[in-house]
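Working notes for the structure below.
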Amino acid sequence: MLAELKGLNEECGLFGIWGHPDAAQVTYYGLHSLQHRGQEGTGMVLAQDGKLISSKGEGLVTEVFTEEKMQNLSGNAAIGHVRYTTAGGGGYENVQPLLFNFQSESMAMAHNGNIVNADQLKAQLEGQGSIFHSTSDTEVLAHLIRKGGFSELKQRITNGLSSLKGAYAYLIMTDSEMFVAMDPNGLRPLSLGMLGDAYVVASETCALDIVGAEFLRDIEPGELLVINDEGITSERFATCSQRSMCTMEYVYFSRPDSNIDGINVHTARKNLGKQLAVEKLIEADVVTGVPDSGNSAAIGYAEASGIPYEMGLLKNRYVGRTFIQPSQSLREQGVKMKLSPVRGVVEGKRVVMVDDSIVRGTTSKRIVRMLKEAGATEVHVLISSPPIKNPCFYGIDTSDKEELIAAKKSVEEIRELIGADSLTFLSVEGTVEAIGRQFEGENRGQCLACFNGKYPTEIFSDQEIDFIKS
Ligand code: SF4
C-alpha cells in the first residue's frame, strides 16, 4: 500500500558515517535510499576541521540537498536523518539532526522512534531550568546529557539513556566521535557496515548496499557503540528484558531489499503471503497485490495457492508531492491519482487482492470499488498481517485509536464496509511463524503490540493512559 495514503507512517530513518573523505555525498545517497521512512524533512550534520556544520530543510532529500548545496558540504564524518512527523509535530526546528552548541562542547543528535516518557522528563528538566528549542522528544536526551553529573561524555550519554523509556535508535556526534545507541527492547532496526576504512550505520541495510558498504551486523538491544579515529568499541548500557523488533518493519515499512536480523524483507512478505494461503484458500482466477508493499505477499499467495499472479493494479510513479498530504480530503484524491486498475487483467475475473494491512479502511474500500468498476466479478481481500486494534507508541503514526477501524469493528463489519466479497486477516501466530525470526519465546523477539495490545515497555504518556482506560 502507498504509505502516504494508508495512514500508517514511519517516523524516520538514520544514516551515519565516520572516517570517509566524502561523508556528505555518501550520506546524501544513504538518506535517499531511506526516503520511504520519512518525506517531511531531512538534514545532515558534518564534522569538518573540528567543527560541526548543519544543513537541513523541509521536503525530500533531492529537494533539500540541491546540487548547489551539496557542493558546499564536506567533512569526514556525518549523521543524517529523514523525518516523518509524529511526536512533537512538524516545522523546521524539529527537522533533524538537532545541533547543540554549548559553551564547552557541540553535539549533533538524530533519533528514530518515540520516547514514551518524554513529557514527564521534559517537565522535570524545565523545572530545573532547561530551555527546549524544539518540540521533538529527541531533544530530551541532549538535556539529560548536559545535566549528567559525570565528566566523560560517554558516561553522561549512558546515564541519559537510562532515563528514557520507549523506542529509540540514536546517532550522536561530536567533532571527535560518534555514538550509536539502541533501546533495550531493540524496537527499531539499525545496522552497522564498513565502507573501506569508514564505519557506516543505517536504519536499513538497503542504505549500506546503496553506498557500497559491507554489512557487519545489526545493533543489539541496549547496545552503545563508540566510533572514532581509533576504531570502534561496544558496551551494553542496559540489559534486554524482551527483544521486540517492530513486526510492521517486515510487513510494511522497510524496503524489500533490506534485511532485518538476517531476514530479507521481501522474503518475509512472500512467506506471509504463503501463510495466508495456508490459512485461507480462495477460489479465484487471479491474485494481485496492492503496490508496492502488498506485491511480495501477493506473489507468495499465488505461489502457494497455484492461482496466477497478475498486475491488476498499477502505481503511477509520476505523481508529485502535492498529493502526499496528511489531510483526509487530499488522501481521497490521492488514491485515484496514484493507483489504477488494469482492466484487461481484472475484467470478468474473480480477483484476490492482497494488501499488507488495513488502518482506517477507507483506502481499501476505494481500491475494491475501483477493481469492481473495472469489471472484476468478485474481489476477495487478503491482509498479510493481523487486524491493527491498538495504537503504536513507538514512533509509528497510529497513536489515535479512533482511527483504527479494527479497534471498533469486527472483520465481517469491515468486509461489509469495504465492499469486498470476503476479507481475511493473517493470524498473529501465522505472522510470527511466517517471518521466521530465530529468537526464543512466543513472540520470537517481535513486537506485536498493535495486534495483541501487549506493549513491551512501561506505560507513560497521557495518551497511553487514556487508551488503557478506554
Ligand atoms: S506496536 Fe506495532 S507498529 Fe508499533 S512497534 Fe509494535 S509492532 Fe511496530
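What you see below is based on every heavy atom in this structure, not just the backbone, and it leaves out hydrogens, waters and symmetry mates. We count ligands from 1, going down the list as the structure has it; atoms in each ligand are counted the same way.
- The Met248 neighbourhood of ligand 1 comprises atoms 3 (S), with distances under 4.0 Å to a heavy atom of that residue.
- Remark: aromatic rings of Tyr455 and Phe393 are close, center separation under 6.0 Å.
- With Phe439 as the aromatic partner, Arg444 does not meet the cation-pi criteria of under 6.0 angstrom to the ring centre and within 45 degrees of the ring axis.
- Between atom 8 (Fe) of ligand 1 and Cys246 there is an N/O/S contact shorter than 2.8 Å.
- His143 pairs by the ring pair (Phe, Tyr, Trp, His ring centres under 6.0 Å) definition with Phe132, not counting sequence neighbours.
- Short contacts between ligand 1 and Ala449, defined as distances under 4.0 Å to a heavy atom of the residue, involve ligand atoms 1 (S).
- Numbered from 1 in the order shown, with element, the atoms of ligand 1 that lie under 4.0 Å from a heavy atom of Cys447 read 1 (S), 5 (S), 6 (Fe), 7 (S).
- In this structure, the side chains of Val368 and Met353 come closer than 4.5 Å at one or more pairs of heavy atoms.
- Proximity to Thr247 (heavy-atom distance under 4.0 Å) selects the following atoms of ligand 1: 7 (S).
- Taking the six-membered ring where tryptophan is involved, the planes of Tyr168 and Tyr170 are tilted, since the angle between them lies from 30° to 60°.
- With sequence neighbours left out, Lys154 forms a salt bridge (charged side-chain N to carboxylate O under 4.0 Å, His left out) with Glu235.
- None of the N, O or S atoms belonging to Cys450 lies under 2.8 Å away from atom 6 (Fe) of ligand 1.
- Heavy-atom proximity to Ile396, at under 4.0 Å, picks out these atoms of ligand 1: 3 (S).
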